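Before any comments, here is the structure.
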Amino acid sequence: MYDSYQFDDVTANSVQALEENSTTNRIVVPPEKRPPGSNHNPVVIEFSIFVVDINSINVEDMDFRVDMFVHQKWSESRLTLTDDLFEDGDDYITLPPEHFENLWQPDPYFLNSKVAEIATLTHKFSSVTLYKNKTIRYAARLHAIIACQMEFQLYPMDIQICPIHIESFSYSNSKVRLKWAEAGVNINPELKLLQYNLGAPLQLDSTDGYMPEKDGNFSRLTVYFRFERQIGHHLIQTFAPSSLVVMLSWFSFWLGLDAIPGRVTLLVTCMLTLVTMFTGNSMPPVAYVKAMDLWMAGCMVFVFAALAEFVVVKVLDVQYQQQVKQTSKSILPLRLTSTMEKGQCQTVAMFDGTNVRSRKANAQNTPTPQTNLQGNGKPINRRQSILSVSWTDNDTGVEKIMWREIDKISRVVFPFLFLVFVVLYWPILLYKTSS
């Protein structure tokens, strides 16, 4: 029954001509192996795809794997069909693979595919359907690995636009022209990706012109897949923990300098935690800065600033202790001299820093006490600094210590600055993603 169709152009004369030319060096192509265009018009191939599954979106190799059904449809006007070829009530017949080899076949291929093959089990999953109106429909189940040039500047809110280019390998647009069928490209409604959302609807495009890679005019179809990364995983695994680590570093502002080991341990642990989170990122190393890098760098700057604040307050505390020590040295001789002036004591005690010496003194020859005398009678030479390490509040009369005031201010300034960082980071990132 399958032998009931033939090509109109194949006649006895053409067969005889083929036999005569077989003895020469000329290459003669049988009519059934040529594109079935008429009146110098190209044959139109209608193309449609049904995507079954998309998996293995590999950011390291920058590709993704897709399983799909590919459908091609064209008209073969050179066929002569008899009614006994079709069963009663049917307007089509499915041809076995060996008969399909006798027909002209288009040769589309995926321009940016790394691997493309027809799925097989016991045989190749492909079929050819012949209709009464001389239309041929070819369907096949394909596995393909498609290359995609990915950009990660906005990671983890990046959007990857991955095209699939379909083009005839051998025939120019004067012989074969590709067009999207009415069905276009459809996605399996049950398809779910692990870390991405598949944007819909898909963008379809068709071009017909010069293709530099083949140095000719060819017809090309393109479908663009839009992969939007889901940020929920990164909010739980990265953004929320790093924010808590930064907040944890603020607890050091409530720890006094009498808890130096605990304060240092807290800050260093926070810094090491952020470094571990930053280096443990599974993204491939790229030559540019990602949005995630900016976030982690900002968190580490805040923790490092808290550690630097501790060093500053410790230095100020050391200066304050030295000032207190110098002040305590001058208190003893001043008090003894004041007592002697009142006639209560005829002995002057001199403190030289290590020993106390006493001598009889005449009240008339006793020098007037000066507030700038040290224990050895010399003027106090206090080292002046840009910032005073302590001062007395004029309103309350309470002594203010610089390092304690810095800790109090840091309790407010650090959370405020981190809030400003968060408020600036997320709106800018969302704007870049939507634009």
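What's counted below: heavy atoms across the whole structure, side chains too, no hydrogens, waters or symmetry copies. This one's a predicted model, so the numbers in the text were calculated from it and none came from an experiment.
A 6.0 Å sphere centred on NZ of K132 holds more than 12 heavy atoms belonging to other residues, nucleotides or ligands. For Y210, the OH atom is densely surrounded, since the number of other residues' heavy atoms within 6.0 Å is greater than 12. No more than 12 heavy atoms of other residues, nucleotides or ligands sit less than 6.0 Å from atom NZ of K432. At most 12 heavy atoms of other shown residues, nucleotides or ligands fall within 6.0 angstrom of atom CZ in F416.
Within the model, atoms CG of L272 and CE of M277 stand 13.0 Å from one another, a figure rounded to the nearest 0.5 Å. We find the CG-CG distance between D67 and N55 to be 6.0 Å, quoted to the nearest 0.5 Å. T279 contributes atom OG1, which lies 10.5 Å from atom CG of L274 (distance to the nearest 0.5 angstrom). Interatomic distance, CZ of F125 versus CD1 of I118, reported as 11.0 Å (0.5 Å rounding). Atom CG of residue L257 and atom CG of residue D407 lie 6.5 Å apart, to the nearest 0.5 angstrom. Put simply, SG on C270 and CE on M300 are 13.0 Å apart, with the number rounded to the nearest 0.5 Å.
Looking at F278 and D293, their side chains come closer than 4.5 Å, going by heavy atoms from C-beta outward. The side-chain heavy atoms of R137 and T135, taken from C-beta on, include no pair separated by under 4.5 Å. At least one side-chain heavy atom of S113 sits less than 4.5 Å from a side-chain heavy atom of I146. Side-chain contact between Q203 and I161 is absent, with no heavy-atom pair separated by less than 4.5 Å. Within the 4.5 Å cutoff, no side-chain heavy atoms of N188 are placed close to those of I54. Taking the side chain as every heavy atom from C-beta outward, F227 and L198 approach each other to under 4.5 Å. Proximity of L95 to L103: side-chain heavy atoms (C-beta onward) are separated by under 4.5 Å at one or more points. Between S249 and F304 the shortest side-chain heavy-atom distance does not fall below 4.5 Å.
Considering every non-hydrogen atom in both G298 and F421, the closest pair reads CA-CZ, 4.0 Å. For the pair L178 and S168, the tightest heavy-atom approach, listed with the atom from each and the gap, is CD1-N, 3.9 Å. Here the closest non-hydrogen pair linking I231 and M157 is CD1-CG, 3.3 Å. Contact between S75 and V43 at its shortest, heavy atoms only, is O-CG2, 4.3 Å. Across all non-hydrogen atoms, the minimal contact from A306 to F414 is N-CE2, 3.6 Å. Looking at every heavy atom in both residues, M150 comes nearest to N58 through CE-O, 4.0 Å.
With hydrogens and angles disregarded, a donor-acceptor distance shorter than 3.5 Å links the side chain of W180 to the backbone of D205. Checking side-chain atoms of R263 against main-chain N and O of L255 turns up a donor-acceptor pair under 3.5 Å. Between the side chain of S242 and the backbone N or O of F239 there is at least one donor-acceptor pair closer than 3.5 Å. In this structure a side-chain-to-backbone donor-acceptor pair under 3.5 Å is present from N112 to P163. A donor-acceptor pair is defined here as one N or O able to donate and one able to accept, closer than 3.5 Å; no such pair exists between the side chain of E46 and the backbone of Q72. Put simply, the side chain of Y138 never gets that close to the backbone of V70: no donor and acceptor are under 3.5 Å apart.
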**Report entry** Residue pair K214, E167: steps toward the side chain to side chain contact (heavy atoms under 4.5 Å, CB included) verdict
**Finding:** CA-CA 11 Å; K214 291 194 295 186; E167 186 178 302; 2.5 Å; yes

Query raised in the report: Passes side chain to side chain contact (heavy atoms under 4.5 Å, CB included), T222 versus I164? Steps please.
Result: CA-CA 6 Å; T222 305; I164 297 180; over 6 Å; no

Query - CA sep, side-chain torsions, deciding dist, call: I145, D61, side chain to side chain contact (heavy atoms under 4.5 Å, CB included) - result: CA-CA 11 Å; I145 299 178; D61 296 333; over 6 Å; no

Query raised in the report: M271 and L267: side chain to side chain contact (heavy atoms under 4.5 Å, CB included), yes or no, with the steps?
Result: CA-CA 6 Å; M271 177 61 73; L267 293 174; over 6 Å; no

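Residue pairs meeting the ring-ring contact (aromatic ring centres under 6.0 Å, His included) criterion with at least one member in residues 150-170, sequence neighbours excluded, are Y109-F169, Y155-H234.
No donor-acceptor contact under 3.5 angstrom links the side chains of S219 and D208, judged on distance only.
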Exercise answer: donor-acceptor pairs, residues 189-197 side-chain atoms, under 3.5 Å, sequence neighbours excluded:
residue, atom, partner, partner atom, Å
Y196, OH, R229, NH1, 3.3
Y196, OH, R229, NH2, 2.9
N197, OD1, Q230, NE2, 2.9

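Remark: Q149 engages no residue in a side-chain hydrogen bond (donor to acceptor under 3.5 Å, both in side chains) (not counting sequence neighbours).
Aromatic ring pairs are classed by plane angle as parallel below 30°, tilted from 30° to 60° and perpendicular above 60°; the pair F302 and F418 is perpendicular.
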